[in-house]
Structure formats: structure tokens, C-alpha cells
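A note on names: the letters A, B, ... follow the listed sequences, proteins ahead of strands, and every chain is numbered from 1.
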Amino acid sequence: MAKTPENGIDENASADAPEKRLNFIEQIIEDDNRTGKFENRVHTRFPPEPNGYLHIGHAKSICLNSGIAKNYRGTFNLRFDDTNPTKEETEYVESIIEDVEWLTGMKQDRIFFASDYFGQFYDDAVDLIKKGKAYVCDLTGEQIRETRGTPTVPGTESPYRDRSVEENLDLFARMKAGEFPDGSKTLRAKIDMASPNFNMRDPVMYRIVHAEHHRTGDAWCLYPMYDWAHGLEDSIERITHSICTLEFEHHRPLYDWFLDQLGVYHPQQIEFARLGLNYTVMSKRKLLQLVKENYVGGWDDPRMPTICGLRRRGYTPESIREFCRRIGVAKFNSTIDVVQLENALRDELNKTAQRRMAVIRPLKVVVTNYPEGQTEMLDAVNNPENEADGTRQVPFSKVIYIERDDFFEEAPKKYFRLAPGKEVRLRYAYYVTCTDFVKDAAGDVVEVHCTYDPATRGGSSPDGRKVQGTIHWVSAEHALDAEVRLYDRLFTKENPDDPSDPVDFKTYLNPDSLEIVTGCKLEPSLRGATTGDRYQFERIGYFCVDSRDSSPDRPVFNRAVSLRDSWAKQAGK
RNA sequence: UGGGGAAUUGUGUAAAGGUAGCACGAAUGGCUCUGAACCAUUUAGUUGGGGUUCGAAUCCCUGUUCCCCAGCCA
């Protein structure tokens with residue numbers, strides 16, 4: 001069915017879209033364009049610190065910023081905010097570039113580094129010192145904390161606050177030259193120790209850190225703080241709208257103060273609510289813990305909310321972008337249901353993924369009246385949602401596998417699948433009727449006997465009789481053996497992150513978040529499937545080839561997401 | 001208890017003084033060679049209390065609740 005303009009996935013503001021609803025940031029941009037505030041330019045940026053892997057929360061910011069730039073024919077920068085050498089690594093820079101390029105579907109040709117501006121930052125700091133707006137402070141970290149005051153008590157001024165410009169200039173130069181040890185001195189902005197906003201109580205602009213920086217090496221032992229660096233980075237890059245998350249709201253006065261004191265180009269900082277997703281954790285610290293303590297297989301474990309995890313899980317960049325479009329942007333701290341993410345993937349893959357038959361938990365079925373040794377090829381539709389995908393041929397023979405769940409010794413009410421005496425359709429093949437079954441010593445059904453109706457070849461009956469159920473199958477002698485990994489949510493609790501819960505978040509890890517099933521039977525056309533291929537295993541879900549562990553002779557498939565299952569839902573009630 | 005933000009059906013998100021809409025979920029029915037998809041219908045909301053107004057989610061007053069801030073992290 002054709003998509004209407006308003007629910008299509010095209011995120012461009014197209015001329016014939018009836019009423020494109022703007023989020024509050026787009027409204028600000030349109031206002032600015034109306035008044036000519038930024039000469040009608042739109043220039044955004046995504047400024048991660050390269051100290052970890054990107055996750056779905058970052059995806060919201062990336063989609064927002066790159067999406068805005070795209071829609072307004074503006075520019076988007078990927079900028080590394082690498083101002084803290086002790087936490088950052090090249091490995092993270094590389095993974096972030098890979099993830100951003102994958103997510104946006106675009107080669108990033110505008111990649112910048114805060115560390116490239118260190119010289120400029122330094123010169124600007126000298127400028128501020130000359131204006132009497134910054135001073136070198138000898139207080140220790142502890143002393144700074146003690147003199148900062150409390151929410152109700154103003155801070156006290158540093159005894160070094162009124163050093164002369166000359167002395168400050170001299171000291172600052174010597175800090176840069178490496179004359180002082182770590183932590184012995186800082187450069188502070190001279191603002192207002194009585195401000196109700198802590199960020200304005202003479203914030204530290206520079207600290208001394210004798211550490212190797214992943215890009216500048218040992219060229220510097222003086223590193224700028226976030227507040228000092230960030231506005232300058234934005235200003236240097238001529239960013240128009242500096243979009244960040246809510247917790248930076250009270251940094252905005254300082255962002256503005258620095259740029260105003262310097263009298264330089266001044267972007268507009270705008271804050272939005274970061275993404276909250278249930279049944280997972282998003283904090284870098286917790287994610288790191290899951291990796292380090294081997295609760296998951298790594299940053300790209302398909303259960304992780306990281307971009308690389310989602311990618312390995314089978315998510316497409318389009319589905320993540322669509323998810324971000326659907327959840328919107330606002331200033332309210334909301335928690336989005338993961339189902340929303342899953343549905344974005346289902347909706348896309350339903351339209352694009354080719355169908356295949358695969359049996360996860362095989363149960364042997366012998367078609368007793370089918371000729372021994374015979375094989376016939378049957379036509380199967382590749383994707384009913386896309387006729388252009390055509391058909392393929394699937395081999396059928398006397399012994400096949402069906403899903404264990406598709407046979408019941410005693411069928412419950414409203415059960416449409418195979419059961420003694422019942423007739424079902426083997427998809428694209430024949431109607432079969434269960435005549436008998438065999439149990440092992442433990443009482444488990446190990447083999448089912450059926451007879452088929454040769455007149456129903458292809459799956460429809462000339463006499464027009466209906467069957468209630470259609471089940472999938474794989475010919476035993478033609479089956480491709482595979483390992484399948486079934487993923488479920490990582491946590492059993494909606495909000496494992498809940499700060500008011502004293503129990504450790506790992507307590508809520510879902511013991512069934514990964515089920516590895518071996519000996520799965522796939523239809524032979526799946527042979528040769530490679531990384532990046534995504535299929536719908538009919539009646540089960542969407543699967544992809546695992547990028548890490550799969551090989552041609554030992555295929556491994558990941559379940560990205562199951563199909564909706566109203567039968568299971570009803571049965572669960 | 002200082003300051004800064006926020007609150008609209010179950011979950012998100014629109015409505016800029018004039019019909020509270022959309023998406024997802026849920027429910028019901030239809031269709032079906034996937035118990036999927038698809039189609040149709042339904043469900044359910046303005047944080048409390050005052051006020052202004054012909055008319056308030058929107059403006060005013062006053063409560064409540066939630067989030068953020070005292071790193072030489074970002």
C-alpha cells in the first residue's frame with residue numbers, strides 16, 4: 001500500500017507535504033531565517049568526545065543535527081571534542097566516524113578536532129587575561145571546591161583573583177611552557193562568585209595535565225575545559241545552532257559570556273531532551289561495565305544499545321533514522337518504549353527483506369505417501385511486498401522439518417497448526433494431514449507422519465477446501481545447517497538505570513537475553529548469504545548474517561527482531 | 001529550603017486565544033498460502049486550584065510533581 005506523504009519515511013521537507021510539523025528547534029531556525037539572524041545559513045554539528053562508543057542516544061543527536069542541515073540545505077560538521085587527553089583514544093575516533101557514516105549513509109567530509117584549535121584557544125585566553133577577565137589561580141582542586149559555596153551560600157573569591165595582567169600573562173605562559181606540575185595552577189574566568197549559577201563562579205578554563213594526547217602528543221600540557229573550548233569551537237566553525245542536551249542548559253550563560261567577552265561570532269545554543277529507552281542502560285559507565293565484566297560479548301554485542309551493536313544485530317541505518325523521526329524532539333525527559341525501535345525496523349524490513357523458510361527447532365516429518373527418493377522444486381515468492389523481487393525455487397522431498405511449535409499432540413482451542421488428524425498447508429508445497437507420530441523414551445515427539453494430497457501442489461486445492469493453518473518447512477536432505485542466535489531485551493526491568501533503586505542494575509540483566517540455537521535447518525537458497533543480507537524467516541522474524549562469527553561452512557544468523565505474534569500474545573494472556 | 005528546565009490518552013509528540021490531532025500500543029472486525037503485512041472501526045488526554053475572556057492546553061495568579069547544577073569530566 002502506498003505511503004501517504006505524512007507517514008512516509010522521507011525526512012525532507014518537501015514542497016507538497018501538506019503540513020510539516022516543526023519541532024521547537026526547527027521553529028527557532030525558521031524564525032532565525034525570517035529575521036536573517038545568521039544570514040539564512042544553517043550549520044549544525046555533532047561534537048562527541050572520543051572516549052567511548054556511540055549509542056542510540058547519540059543517534060538521536062546525529063539524526064537531529066545532520067537532518068536539520070540536510071533539510072535546510074545547510075552544513076553539518078562532525079567534530080571531536082578531544083580536550084581531555086586522559087580519556088580519549090584514536091580507537092574511539094575511528095569507531096565514531098564509522099558509526100556516523102553508517103547512520104547518515106554519507107561519507108563525512110567535514111571532520112574537525114578541537115585539538116586543532118588549541119593554539120587559537122590559547123590566544124583567546126591571553127586576550128581574556130589582557131581584558132582583565134581571567135586569572136591564574138593557585139588554589140588546589142579541593143580549595144576551589146571549598147570556596148565555591150553552596151546553592152544558598154555564595155562562593156568566596158580566590159586570593160589570586162586580583163593578580164595583575166602582567167603577572168597573569170607571565171604565569172600563564174609558564175603554565176604552557178610546562179613549568180608547573182599537574183593540578184598546581186588553573187586559569188579561571190573572573191565572573192561572579194556569588195552567582196546562583198555555579199558555572200559562573202569563576203569557572204576553570206585551563207588545567208595543567210602532563211599527558212599524551214592521542215593527536216597532539218606532548219605538544220601541550222595545558223588543556224581547555226569544556227566550557228571554554230566548546231563555544232570557541234562552534235564560533236570558529238561558524239556553527240549557527242549549537243544543539244546539545246538539557247544538562248547543558250545552565251552552561252549557556254557561560255557559553256554566551258565567553259563569546260561576548262571575546263566579541264567573536266556567536267552561535268545559538270539550544271538544548272533538547274536526550275533519549276531514554278526502556279529495558280536498557282545508556283550511560284557510558286554502565287555500558288563499559290557490561291563489556292569489561294563480560295556480561296556481553298563486547299561493544300558490538302547485538303544486545304547492546306550501541307550503534308555498532310544495533311548494526312550487528314541487523315538494524316538498518318534507515319530504520320534508526322525513522323525511529324528518531326518518529327520519537328520527535330522536545331524538552332521533556334521522556335522514556336521511549338523499545339517496541340518503537342523494533343517497529344521501525346519491522347516496518348522497513350517488511351518492505352525490503354526477502355522471505356526465506358527456516359526451521360529453528362526442527363521436528364522431523366515423514367510424508368508417508370510421497371515417493372521415496374523424489375525431489376521436486378516448488379516456486380516461492382521472495383517478497384509479497386515487492387513483486388520485482390520475483391520468485392525462487394525450493395526443494396521438497398519425503399522427509400522434511402517443521403517447527404516443533406507447529407505440532408501439538410493435543411491441539412488447544414483455536415490452534416491452527418499441525419495435530420493428529422488435522423490438515424495444514426505446507427507453504428508453497430502441499431496440504432498434509434497428520435496420521436501418526438512417534439515418541440521417544442522420554443515421551444517427547446520425535447517424528448510425525450503425514451500424508452499429502454498430490455492435487456494441492458503449490459499450496460492450493462482444486463476443490464476449494466480451506467485449511468486453517470499454513471506452516472513453513474525445510475526439506476531434510478537439502479537443508480543447510482546453521483546456528484541461530486535469538487536476542488531479547490538485555491534487562492528484565494523497564495528502568496534498570498533508576499537512580500532511586502538501591503539494587504545494582506546488573507541484578508536486572510535478563511538471563512534469556514541470548515539464546516543460541518544450533519542445528520537449525522535453513523532452505524538451501526540461504527547458502528552464500530553474507531554480512532549485510534537481511535531476510536525474513538517466514539513466520540519467525542527478521543534475521544541477518546552475523547558479521548563476526550558466521551562463515552560459509554558454519555553460517556550464523558542473528559535475529560534482529562521477531563515478527564509480531566498475536567497468537568503468542570493471546571496465548572500468554 | 002539557591003538557581004535553571006519541564007508537565008497534553010498507556011508511551012511519545014502536535015495544536016502560538018477559536019473543532020485537542022498524529023504515531024506507536026491496546027481492543028474489535030475484515031482480508032490472507034506468513035496467527036506477519038494490509039484495511040476498517042474503536043479506545044483513551046490538557047498536573048491541581050483560582051482568574052481574564054464570547055471562547056484557554058495556550059494569557060495571569062497560586063499550588064504539586066519530575067529532571068538538572070557545587071569535576072582541574074564532557
Partners meeting salt bridge (Lys or Arg N to Asp or Glu O under 4.0 Å) with [X] (sequence neighbours left out):
| X | answer |
| --- | --- |
| E91(A) | none |
| R207(A) | none |
| K493(A) | D501(A) |
| E342(A) | R346(A) |

(request) Quick one: classify the glycosidic conformation of G51(B) as syn or anti, with syn meaning within 90° of 0. (result) anti
(message) Before we go on, tell me: are the rings of Y117(A) and F112(A) under 6.0 Å apart, centre to centre?
(response) no
(message) Below the 4.0 Å mark, does A74(B) have OP1 or OP2 next to a side-chain nitrogen or oxygen of R79(A)?
(response) no
Over 60° means perpendicular and under 30° means parallel, so tell me whether [X] and [Y] are parallel, tilted or perpendicular.
| X | Y | value |
| --- | --- | --- |
| F118(A) | W220(A) | perpendicular |
| F543(A) | F537(A) | parallel |
| F80(A) | F113(A) | parallel |

(message) How would you summarise protein contacts on nucleotides 5-12 of chain B per nucleotide, using B for base, S for sugar-phosphate only and - for none, with heavy-atom distances below 4.0 Å?
(response) SSS---SS
(request) Classify every nucleotide of nucleotides 15-22 of chain B by which part a protein heavy atom approaches to under 4.0 Å, writing B for the base, S for the sugar-phosphate alone and - for neither, in 5'-to-3' order. (result) SB----BS
(message) What is the distance, to the nearest angstrom, from the CZ atom on R274(A) to the C1' atom on C69(B)?
(response) 14 Å
(request) Write down the distance between OH (Y255(A)) and P (C69(B)), rounded to a whole number of angstrom. (result) 21 Å
(message) Check this for me: does the side-chain of H250(A) come within 3.5 Å of the base of A70(B) through a donor and an acceptor?
(response) no
(message) Starting the side chain at C-beta, find the nucleotide from G3(B), G35(B), A37(B) nearest to P196(A).
(response) G3(B)
